[in-house]
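A short worksheet on the structure shown next.
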2 protein chains.
Amino acid sequence: MNWTTSPCAALNANAQHEAEAHQAQLTKPTGSLGRLEHIAIQLAAMQSTAKPHIKKPYIAVFAGDHGIAIEGVSAFPQVVTGEMIRNFARGGAAISVLAKAQDATLSVINCGTAYPIESLEGVLDFSIAAGTANFLQSAAMTAEQCAIALSIGKKAVETALEQGADIFIAGEMGIANTTSASAIACALLDRTAADLAGNGTGIDAATLDHKVKVIAQALRRHNTELTSPLAILQHLGGFEIAAITGAYLACAKEGLPIIVDGFISSVAALLAVKHHQEVQQWMFFSHASAEQGHSIIMQALNAHPILDLEMRLGEGSGAATALAIIKLACELHNNMATFTEASVSGAGI
Amino acid sequence: MNWTTSPCAALNANAQHEAEAHQAQLTKPTGSLGRLEHIAIQLAAMQSTAKPHIKKPYIAVFAGDHGIAIEGVSAFPQVVTGEMIRNFARGGAAISVLAKAQDATLSVINCGTAYPIESLEGVLDFSIAAGTANFLQSAAMTAEQCAIALSIGKKAVETALEQGADIFIAGEMGIANTTSASAIACALLDRTAADLAGNGTGIDAATLDHKVKVIAQALRRHNTELTSPLAILQHLGGFEIAAITGAYLACAKEGLPIIVDGFISSVAALLAVKHHQEVQQWMFFSHASAEQGHSIIMQALNAHPILDLEMRLGEGSGAATALAIIKLACELHNNMATFTEASVSGAGI
């Protein structure tokens, strides 16, 4: 686990300044491309080049089941986690479509489903167990399971880098994982279950009320154990949430830019940042999720998501949608003419 | 001018219902793709098909100069309008880059610049005059000029349709055109110059104060003449604003979906809608501009832009950025698997 506390890669301030200077020379009023300018400059600092690029986006979707699902906190049966893994692999899921449309590599990683699934092309089987334990009864994971799950994320980032990835998106699938993520966020931010629990995949008011009670009870049960971000992850988390946390930590250590997805991924981002603050400088935040607790996570990170499209699907779908915007920001930054090149008056106005 | 009041094409309610039913069958919790679902359904109604598509986006950038520029209301000299037309044609402007990156056709239409420019490949010369008249002294256009400018927009839409366009973006370029657009919006909405005037390309506080006074004076001067949207356009508008208004009217009549850009284009949209209310059902609103008055225009239209990236460049750049999102909405709608196809449990949840 020592790797999780090793230093993060540094941003390149020179590249950032060069990119800023370049932006000021492009044929437009200064600042008129708004956040598209900032995105390109931020990516320049991450990629150590005045001309940042996205040629090989890499999407890793981590799937895992949650013991807490038995408490009736989700609208969907637990069998759906495995069914969706098949759907990812066959190209029918939202993230599959978004990846294909943008020439992104899509890797699906089974971290442990409740029901066994057959070997599938495009799906890596890194099953830790048949789902986590019910965290109303015990810790969701053993310390060893949590460490393995973190390392699965690290391994995914290493694979991405071997394949030349220049930006990394993590997605997730796991029935009941908003319950786990909400509980984690409560513990990290000292907020109540009612603040963080939302409708997830679409539960009714009575189920939401029950979900709030389940989370509150779990927080009371594990209260004395929730002494660090990784302890919180172990007691309340999921295999896929731990894997994403590990992936973010690894990205920051390797200097691979991250696009953070919605609620679940943002909780993993919060975990990673609480564990190691410098991780955040490697993150773009893609979208404001419609899931209730997401805005609280964004506030805690002082993050301003790129998109607000009322999405709440997960899978990495919001990040993969924002990818299109980040790619266009690079196109503009790299391919617009300067005032001098275009003989346009008014540079520096 | 009779063409501007002829009926608009009707949306196809059957196609809309089919698209809605299709969305409900896709492998995701109902509504979880948020606005991406609504965009696809809206486009289905416009394109009369349950499977909407964007294969041939068409961008027309209309350029024109403004007599009001002589009052010192812009940060840039008037020669920039022509210089930017050259930049559009050579591929160096933001809209050129965004068009190329997304395989959109880019057509540049010179409606009348203050300084003559040479013949350029990719630029249509429809010059009406060497810019509009200074609307502090007289009407910006004669009634005949205004009618010609409207018809330039109509002609652009006809050309787009001949080339198989399935969605239309209008952009604009014209030094001082935020002054003209602000004045129009004041007259249409009965608001003050201080409400609608903003920093445009980046004027300082003193120039903004002057700009507000110029607009207020113009509104007083023409007060009794501002009796209809087209009269307001004629007295306070620009050739390019009139052309965009004409283009929007023509799109609605021909049933070609529109993506409205930022402040100037939104004022043209407001003009078109005030002239003929049904035009609005053919419009997507692309982005919340950083230009001060834009939110007032959006409120007046009850419009909720897709993006909020603090852009304020014009040229159609915000609309061309939102194009990427609308394309992804179509990809998801058309290419995701249904619950039945993917054997995933929980359809209709």
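These numbers were taken from a predicted model, which means no experiment stands behind them. Order of the sequence lines sets the chain letters (A, B, ...), proteins ahead of strands, with each chain counted from 1.
- Interface check for chain A: of the options G92(B), G91(B), G34(B), the most heavy-atom pairs under 4.5 Å are formed by G92(B).
- Note on A320(A), G318(A), G31(A): by heavy-atom pairs under 4.5 Å with chain B, the leading option is G31(A).
- Taking CD of E315(A) as the reference point, atom CG of L33(B) lies at 8.0 Å (rounded to 0.5 Å).
- Residues satisfying the side-chain hydrogen bond (donor to acceptor under 3.5 Å, both in side chains) criterion with S343(B), sequence neighbours excluded, are absent altogether.
- Contact annotation for I39(A): neither backbone nor side-chain heavy atoms come within less than 4.5 Å of a heavy atom of chain B.
- Contact annotation for E291(A): neither backbone nor side-chain heavy atoms come within less than 4.5 Å of a heavy atom of chain B.
- Among E341(B), R312(B), K327(B), Q102(B), the residue with the largest count of heavy-atom pairs under 4.5 Å with chain A is R312(B).
- Annotation for F76(A) and P29(B): closest pair CE1-CG, 4.0 Å, computed over non-hydrogen atoms.
- Taking CG of L313(B) as the start and CG of L26(A) as the end, the distance is 10.5 Å to the nearest 0.5 Å.
- When heavy atoms are compared at a cutoff of 4.5 Å, A290(A) does not approach chain B at all.
- Taken from CG in L309(A) to NE2 in H38(B), the straight-line distance is 10.5 Å, to the nearest 0.5 Å.
- Ranking V80(A), N335(A), L98(A) against chain B, the residue ahead of the rest is L98(A), based on heavy-atom pairs under 4.5 Å.
- Side-chain contact between V344(B) and M84(A) is present, with heavy atoms from C-beta onward closer than 4.5 Å.
- Chain A forms more heavy-atom pairs under 4.5 Å with one residue of S32(B), A93(B), A337(B), S317(B) than with any other, namely S32(B).
- Ranking I203(A), I325(A), L307(A) against chain B, the residue ahead of the rest is I325(A), based on heavy-atom pairs under 4.5 Å.
- With a 6.0 Å radius and a threshold of 12 heavy atoms from other residues, nucleotides or ligands, E121(B) has its CD atom at or below the threshold.
- Counting heavy atoms from C-beta outward, D308(A) and D308(B) have side chains that stay 4.5 Å or more apart.
- Looking at R90(A), the atoms closer than 4.5 Å to chain B (heavy atoms on both sides) all sit in the side chain, from C-beta outward.
- Here L332(B) is the residue among T321(B), L332(B), T338(B), N334(B) with the most heavy-atom pairs under 4.5 Å with chain A.
- For the options E83(A), E37(A), E310(A), heavy-atom pairs under 4.5 Å to chain B are most numerous at E83(A).
- No side-chain heavy atom of V97(A) sits under 4.5 Å from any side-chain heavy atom of L328(B).
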